[in-house]
Novice: 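Provided herewith is a single structure, encoded as structure tokens, for subsequent inquiry.
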Amino acid sequence: MSLRLYNTLSGRLEEFRPLERNQVRMYTCGPTVYDYAHIGNYRTFVFQDILRRVFKYRGFEVRHVMNVTDVDDRTIRNARAAGLELRDYTAKYIEAFHVDRQLLCLETPEVIARATDHIDDMAALIQTLIDKGYAYRAEGSVYYRVEKFKEYGKLSKIDFSGIRPGARVDSDNYDKADARDFVLWKAAKEGEPFWNTPLGPGRPGWHIECSVMSMKYLGPTFDIHSGGSDLVFPHHENEIAQSEAATGKPFVHTWLHSEHLIVNGEKMSKSLGNFFTLRDLIAKGFKPTAIRYLLASVPFRRPLNFTFDGIHQAQQSLDRLRNFRFRLTMEKFPPGETNELQKAAVKARQTFEEALDDNLNTAEALGAVFSLVREANTAMDRGEFHDGDRPVFLDLLERWDRIFAVLDDNDYARLRQFGFVQELEAALSHSSARPQADGPAAGTGDGHRASLMAESLPEKEIQRRISERETARRRGDFARADLIRKELLEAGVILEDTKSGVRWKRK
RNA sequence: GGCGCGGUACCCAAGUGGUAAGGGAGAGGUCUGCAAAACCUUUAUGCGUGGGUUCGAUUCCCACCCGCGCCUCCA
């Protein structure tokens, strides 16, 4: 079976065929760097990451361009409030985005394009639109003449005949010939950054950057363009209008849109104030891999209901998979092979791959692996799992993780790398006067505290305590053994006595 | 009003015209010095409501109810 994707443009599930053999050219709408991105944004970015990973898994060569919007009303407003030059202001959030990206194991796109690095290209495209009669000047600004582009609305399926009751009225203070027209170039205003171009001094409208940067790096026609569902209109509709009017060629073959993250029945958004940044969640003690797992676990065309309990459940599920991989790696099994198990593994791989082929059905892909995990665990418990079965199962997990990228328990190493651990340690030392309630509630910060201590506890010391405990156990001094186990647990180290010795892991 | 997504067990969440994946949580049990991990059993005659088509529908059709998103700030 081949990869099928739901194309917003056609409104149908379509078999994916790249325009150029074996190569996928994709453009994804990245962050606007006026603030930290929230995890609703990251839901979309994780989806896009899984998309590119699936393409690669399927043997395609991927050329992925992601934009960074570093000039718009919000970046300008916030930069001014901060008393900084636009470029200096956005630098901070661009950097933060790259840190978040790495924490969430998002692969680096082949091209990351900043809007302000492409002002001249934008001016040139706008000029082309003017020359072709698709754009007009008004008081130093340039607008797109929607009436001229007959296919306007083909992506969003919005009917523009007449004014819709309930539709919002454009609040922009620019003069337009038609209410539907949108701005390509905004005339310079007092106190706002501007660029001197042949169009005159000003700054670009929002939509033009994506037309320009996508076509610059991917050509006039390319395979995939994606973003959150709220970008369908007007952003992507306008991109089509700009690009196709300028080139006379089809712009994008397949449009993919992810549904939103929902909090208490409402879309997570900055304007509603119901958002969490990745940093917020890390500060609450949640691991980035658990967050990635949660964001990846619901297929992208479904709204994803976000709760703390959801992250906790994701963490539990993830632990189950990691426990299994640990057991698979470390436990001694009798020599030989088990035909039944190997067949099951092959079947699980098939199910997993077919699920992803079906419009990236990650939930089903997860299910396939969990079913196999239980089957294998059962066999292990019964002594029916053989040494020769190991590679097939490890291979399956490795393949699965090429897409999901959550199996390695390396959150703290990365958090430390980016300075989060040190920051939290400092915060803890300041608030040490406050008594800590070590309840069972997940994600209250206590778990994180223990993990931090685990980080500061060297491996040598952990090993020393473990052998101390083993000695006590052999003596039958279980009180002492249990005390050591308890002390380590309080320091964030979990001990498990297994058949093949003592296993420890950080909480 | 238009367009779109959704309504499946305590929670999250797949799915099929033939009788409900998977994960989490709970309960009981096995294993263990005790835990943990793992395993076993258990938790929806039921898939928003009402009709229809069918031998048979949760799955198809029609109508309706509810939640959410977009309809020029939005991932």
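Residue numbering restarts at 1 for every chain, and letters A, B, ... go by the order of the sequence lines. All figures in this text were calculated on a predicted structure; none of them were measured in a lab.
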Novice: Verify whether one side chain among A:Asp72 and A:Thr75 offers a donor that lies under 3.5 Å from an acceptor in the other.
Specialist: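 Note: A:Asp72 and A:Thr75 side chains meet the donor-acceptor criterion.
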Novice: Answer yes or no as to whether B:rG22 has its base stacked against A:Phe370, where stacking requires a ring-centre separation under 5.5 angstrom and planes under 30 degrees apart.
Specialist: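 Aromatic stack with B:rG22 absent for A:Phe370.
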Novice: Which part of the nucleic acid, if any, lies within reach of A:Val232 when heavy atoms closer than 4.0 Å are counted: base, sugar-phosphate only, or nothing?
Specialist: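 Result for A:Val232 = nothing.
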Novice: Given that A:Ile494 and A:His236 both sit by RNA chain B, which one's nearest nucleotide is further toward the 5' end?
Specialist: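 Closest to the 5' end, via its nearest nucleotide, is A:Ile494.
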Novice: Start with the C-alpha gap between A:Phe333 and A:Asp389, add the side-chain angles, then the distance that decides, and say whether side chain to side chain contact (heavy atoms under 4.5 Å, CB included) holds.
Specialist: CA-CA 9 Å; A:Phe333 303 114; A:Asp389 301 326; over 6 Å; no
Novice: Which of these nucleotides, B:rA75, B:rA14, B:rG23, is closest to any side-chain atom of A:Asp230?
Specialist: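 Of B:rA75, B:rA14, B:rG23, B:rA75 is nearest to the side chain of A:Asp230.
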Novice: Mind checking if A:His38 touches a base, just sugar-phosphate, or nothing, with heavy atoms under 4.0 Å?
Specialist: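 Contact class for A:His38: base.
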Novice: With a 3.5 angstrom cut-off on both distances, give the Watson-Crick or G-U wobble partner of B:rU53, or none if there isn't one.
Specialist: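 Base-paired to nothing in any strand shown.
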Novice: Do any side-chain nitrogens or oxygens of A:Gln316 fall under 4.0 Å of OP1 or OP2 in B:rA25?
Specialist: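 Yes, within the criterion.
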Novice: Rounded to whole Å, how long is the line connecting atom CD of A:Glu354 with atom P of B:rG15?
Specialist: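 So the CD-P distance, A:Glu354 to B:rG15, works out to 14 Å.
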Novice: Counting side-chain heavy atoms from C-beta on, which of B:rA38, B:rA13, B:rA35 comes nearest to A:Asn305?
Specialist: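 Of the options given, the side chain of A:Asn305 lies nearest B:rA13.
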Novice: Would you say A:Lys267 places a side-chain N or O within less than 4.0 Å of OP1 or OP2 belonging to B:rC70?
Specialist: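 It does, given that an N or O in the side chain of A:Lys267 lies less than 4.0 Å from OP1 or OP2 of B:rC70.
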Novice: Suppose we define a pair by two distances each less than 3.5 Å, Watson-Crick or G-U wobble; what does B:rG6 pair with here?
Specialist: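 By the stated definition (distances under 3.5 Å), B:rC66 pairs with B:rG6.
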Novice: Can you tell me if A:Arg374 touches the phosphate of B:rG22, counting only side-chain N or O atoms and a distance under 4.0 Å to OP1 or OP2?
Specialist: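 For A:Arg374, the contact criterion (side-chain N or O under 4.0 Å from OP1 or OP2 of B:rG22) is met.
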Novice: Between B:rG15 and A:Arg302, is there an OP1 or OP2 to side-chain N/O distance shorter than 4.0 Å?
Specialist: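 Affirmative; the distance criterion is met.
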Novice: Heavy atoms only, 4.0 Å cut-off, all strands: where does A:Asn361 land among base, sugar-phosphate and nothing?
Specialist: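 Counting heavy atoms under 4.0 Å across all strands, the contact made by A:Asn361 is with sugar-phosphate only.
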Novice: On a plain distance test, is the side chain of A:Asp381 in donor-acceptor contact with the base of B:rC31 below 3.5 Å?
Specialist: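 Answer is no: no donor-acceptor pair is held.
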Novice: Does any nucleotide pair with B:rU41 by Watson-Crick or G-U wobble geometry, both distances under 3.5 Å, and what is it?
Specialist: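 Matched B:rU41 with B:rA27 under the 3.5 Å cut-off.
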Novice: Does a donor on one side chain and an acceptor on the other come within less than 3.5 Å for A:Asp381 and A:Thr378?
Specialist: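 Side chains of A:Asp381 and A:Thr378: no pair found under 3.5 Å.
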Novice: Using a 4.0 Å heavy-atom cut-off, does A:Ser371 contact any base of the nucleic acid, only the sugar-phosphate backbone, or nothing at all?
Specialist: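 Sugar-phosphate contact only - A:Ser371 comes under 4.0 Å of backbone atoms but never of a base.
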Novice: Would you please say whether a donor-acceptor pair under 3.5 Å links the side chains of A:Glu364 and A:Thr351?
Specialist: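 Side-chain D/A pair, A:Glu364 to A:Thr351: absent.
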Novice: Between A:Asn377 and A:Leu261, which has a closest nucleotide on RNA chain B that is more 5'?
Specialist: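 The residue whose closest nucleotide sits nearer the 5' end is A:Asn377.
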